[in-house]
Amino acid sequence: MADAVVSTTAKTTGFVRGFGLVDATMIVAGSMIGSGIFIVSADISREVGAPGWLLVVWIVTGLLTVAAALSYGELAAMMPKAGGQYVYLREAFSPLWGFLYGWTFFLVIQTGTIAAVGVGFAKYVGVLWEPVSENNYLITDAPIRFGHSGYAISLSTAQLVGLLMIALLTWMNTRGLHLGKIVQNTFTTAKTGALLALIVLGLLFGLHSAVASDNFSRFWEIRGKLQDVGSGLTAATLFGLFVGICVAQTNSLFSSDAWNNVTFIAGEIRNPKRNVALALALGTLIVTVLYLAANFAYLATLPFEGIQTAKQDRVASVTAEVIFPAYGTSFMAAAIIISTFGCNNGLILAGARAYYAMARDGLFFRSAGNLNRKHVPAWGLVLQGILAAFYVLPRTITGSDAETGKLKYGSLYNDLLTYVISAALIFYILTIVGIFRLRKTRPDAERPYRAFGYPVVPILYILGAAIILGVLFIYQAKTTWPGLVIVATGFPVYFIWRKLGTPMAEDEVEIQKTSAL
């Protein structure tokens with residue numbers, strides 16, 4: 001007898017709920033793991049000066065990240081719709097606060113990160129294929145400087161590869177959720193396996209070595225090359241060490257960021273009231289453990305001074321070279337290529353959903369609030385891709401070579417991302433404060449999940465993040481206050497859009513779901 005077929009019709013907001021718990025967890029972990037964990041420990045080690053304090057920095061980052069994720073779970077379960085953090089701030093405070101976050105997210109946080117990850121991908125392609133280089137220019141022999149300013153523009157082979165990567169992933173994500181999900185799951189699994197392999201091999205190779213013995217026997221001893229963390233302070237003094245731990249969070253927190261991207265795609269997750277909160281907890285916990293273990297592996301294989309002075313800060317590559325002298329650099333280059341590709345896929349996929357929610361409220365380009373026939377916000381993806389691609393091209397002039405007199409160049413997106421780290425932290429704090437506010441203003445709202453350890457855990461996050469912010473604004477003023485200026489540009493834009501924009505009606509379509517009995 002033929003199977004009986006039962007058809008049911010379900011109302012949706014136009015999105016297809018195609019992500020399960022594993023897929024959502026892959027978004028969390030895949031968006032977090034980029035290239036940072038393979039590099040930033042060098043900078044952190046110069047800021048704190050001892051193996052023990054290096055691990056303390058990562059422990060503090062892990063605790064803050066997991067605490068924030070566990071707290072966000074309540075908001076995600078309460079408001080399981082596209083837009084995530086933008087929606088939470090809008091509902092907890094006002095549309096203005098939601099817009100200021102969304103504007104900063106579009107202007108720098110997401111697009112700048114996509115540009116940075118794209119060029120990072122290209123740099124490691126260059127390790128395996130020499131023609132791809134930031135110094136191999138395609139149009140002129142050097143970047144074109146804008147008069148006597150500190151800015152220039154260029155197109156190198158590395159920049160071109162970064163642009164192509166952004167364009168490819170943007171196009172792939174316009175083709176529907178299924179393709180984006182396959183890419184995310186495949187590359188997240190591969191890069192998690194590569195990082196785990198580095199950890200296991202590093203620990204097996206070095207745990208009983210003289211290097212490991214020296215690092216762990218002088219666990220708290222300040223030594224090696226120390227970095228000024230502000231106002232002439234270094235980790236050589238107790239207060240300088242405290243400041244160094246706080247300043248170092250800009251590296252470790254940035255490497256652990258983007259875990260909140262899963263909240264933007266809540267409208268496409270099955271059983272979101274359960275799965276978004278679980279994915280946040282599982283994803284952040286897994287990555288936190290991996291990051292801490294990776295730093296143990298670095299300390300097991302490299303002298304602490306070797307971590308501080310790693311060439312181009314590529315600590316993981318130096319570690320792999322110790323384990324596999326002939327193949328380590330190539331192995332790590334391949335691992336980071338996989339890691340950055342998967343990371344950018346998650347960032348690109350999730351970001352457009354925030355602009356979709358803003359557009360539905362009449363606070364962004366109207367086209368970004370429409371879904372294409374594949375049920376994805378294609379124009380939001382395109383707008384995001386265009387701005388991210390733009391950020392790949394401008395260069396900053398950082399000085400000149402003492403011997404040759406040639407100018408040295410940085411990247412505009414690096415400066416912008418440095419500026420907004422403090423602003424992003426403010427928005428995280430505000431969002432968690434929103435939990436307390438919504439408990440008072442909407443006490444009867446359905447809360448399938450309540451923040452773990454409420455009110456203690458959320459308060460501890462707020463206090464910890466506020467202390468770090470205070471230190472950054474005092475001792476890293478040149479790179480933190482500009483972030484508030486970037487946020488402030490959203491005020492006039494908000495009032496212009498509020499006057500000219502038109503909220504869009506709830507976009508409901510009917511999806512036919514068929515199941516065989």
Side-chain angles (χ1 to χ4, degrees), residues 32 57 60-76 78-79 83-105 107-110 113 245-264 277 280-281 284 288 354 417-441 450-477 479-488 490-491:
M32 290 174 73
V57 168
V60 170
T61 293
L63 291 174
L64 286 172
T65 302
V66 173
L70 291 173
S71 299
Y72 268 53
E74 175 169 323
L75 298 171
M78 183 180 172
M79 295 172 275
Q85 193 166 344
Y86 161 77
V87 174
Y88 309 156
L89 288 166
R90 182 192 70 193
E91 297 301 312
F93 299 102
S94 72
L96 172 62
W97 283 105
F99 178 82
L100 289 176
Y101 171 74
W103 174 250
T104 309
F105 183 78
L107 194 63
V108 177
I109 294 174
Q110 198 77 345
T113 303
I245 291 171
C246 292
V247 170
Q249 293 298 315
T250 59
N251 287 298
S252 51
L253 280 172
F254 183 73
S255 299
S256 303
D257 203 11
W259 51 267
N260 62 329
N261 274 228
V262 74
T263 67
F264 302 127
L280 283 165
T284 54
T288 294
L417 288 172
T418 300
Y419 296 154
V420 299
I421 286 173
S422 55
L425 205 53
I426 290 172
F427 285 120
Y428 281 134
I429 292 171
L430 278 175
T431 304
I432 292 178
V433 169
I435 297 172
F436 293 88
R437 181 171 172 78
L438 286 168
R439 290 256 184 137
K440 288 188 175 181
T441 59
R450 289 176 175 262
F452 176 82
Y454 180 91
V456 176
V457 171
I459 287 175
L460 287 176
Y461 175 86
I462 293 168
L463 290 175
I467 290 169
I468 293 168
L469 265 178
V471 170
L472 291 177
F473 277 111
I474 294 170
Y475 293 99
Q476 298 287 316
T479 57
T480 49
W481 287 103
L484 297 186
V485 175
I486 292 171
V487 174
F491 281 100

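In this text the structure is predicted, and so the values were computed from the model without any measurement. Each residue takes its place number in the sequence, starting with 1.
- Contact annotation: the side chain of I421 never approaches that of Q476 to less than 4.5 Å [non-hydrogen atoms, C-beta and beyond].
- Using modelled atom types, one side-chain atom of T284 and one backbone atom of A281 make a donor-acceptor pair closer than 3.5 Å.
- Interatomic distance, CZ of F105 versus CG of N261, reported as 5.5 Å (0.5 Å rounding).
- For residues 450-472, the pairs satisfying ring-ring contact (aromatic ring centres under 6.0 Å, His included) are F436-Y454, with sequence neighbours left out.
- Here the CD1-CG distance, from I109 to D257, works out to 8.0 Å after rounding to the nearest 0.5 Å.
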Q | L75 and L438: CA distance, side-chain angles, deciding distance, side-chain contact (heavy atoms from CB on, under 4.5 Å) verdict | A | CA-CA 9 Å; L75 298 171; L438 286 168; 3.6 Å; yes
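- The nearest pair of heavy atoms linking A465 to L425 is O-CD2, 3.9 Å.
- Inter-residue side-chain proximity for I429 and L469 is flagged as met; some heavy-atom pair is nearer than 4.5 Å.
- Annotation: side chain of T250 is not in contact with side chain of T418 (no heavy-atom distance under 4.5 Å).
- The distance from the OG1 atom of T431 to the CD atom of Q85 is 3.5 Å, given to the nearest 0.5 Å.
- When all heavy atoms are compared, the tightest approach of T263 to Y88 is CB-OH, 3.4 Å.
- Looking at heavy atoms from C-beta onward, L280 lies out of side-chain contact with L70 at the 4.5 angstrom threshold.
- For the pair F254/T113, a side-chain contact is recorded, criterion being any heavy-atom separation below 4.5 Å from C-beta on.
- Smallest separation of non-hydrogen atoms from Y86 and G98: CD1-O, 3.0 Å.
- When side chains are defined from C-beta on, M78 does not count as touching E91, because their heavy atoms never get closer than 4.5 Å.
- Closest heavy-atom contact between I432 and P458: CG2-CB, 3.7 Å.
- Distance check, rounded to the nearest 0.5 Å: OG1 of T65 to CE of M32 gives 5.5 Å.
- Taken to the nearest 0.5 Å, the CG atom of L472 stands 12.0 Å off from the CD1 atom of I467.
- Between atom CZ of residue F473 and atom CD1 of residue I426 there is a gap of 4.5 Å, rounded to the nearest 0.5 Å.
- In this structure, S252 and V57 approach most closely via the heavy-atom pair OG-CG1, 3.5 Å.
- In this structure the side chain of L430 never reaches within 4.5 angstrom of the side chain of Y101, judged on heavy atoms.
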Q: May I have the step-by-step check of side-chain contact (heavy atoms from CB on, under 4.5 Å) for L100 and F427, ending in yes or no?
A: CA-CA 9 Å; L100 289 176; F427 285 120; 4.2 Å; yes
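- Side-chain atoms of L63 and L460, non-hydrogen and from C-beta on, never get closer than 4.5 Å to each other.
- Closest of all the heavy-atom pairs between P482 and A477 is CD-O, 3.8 Å.
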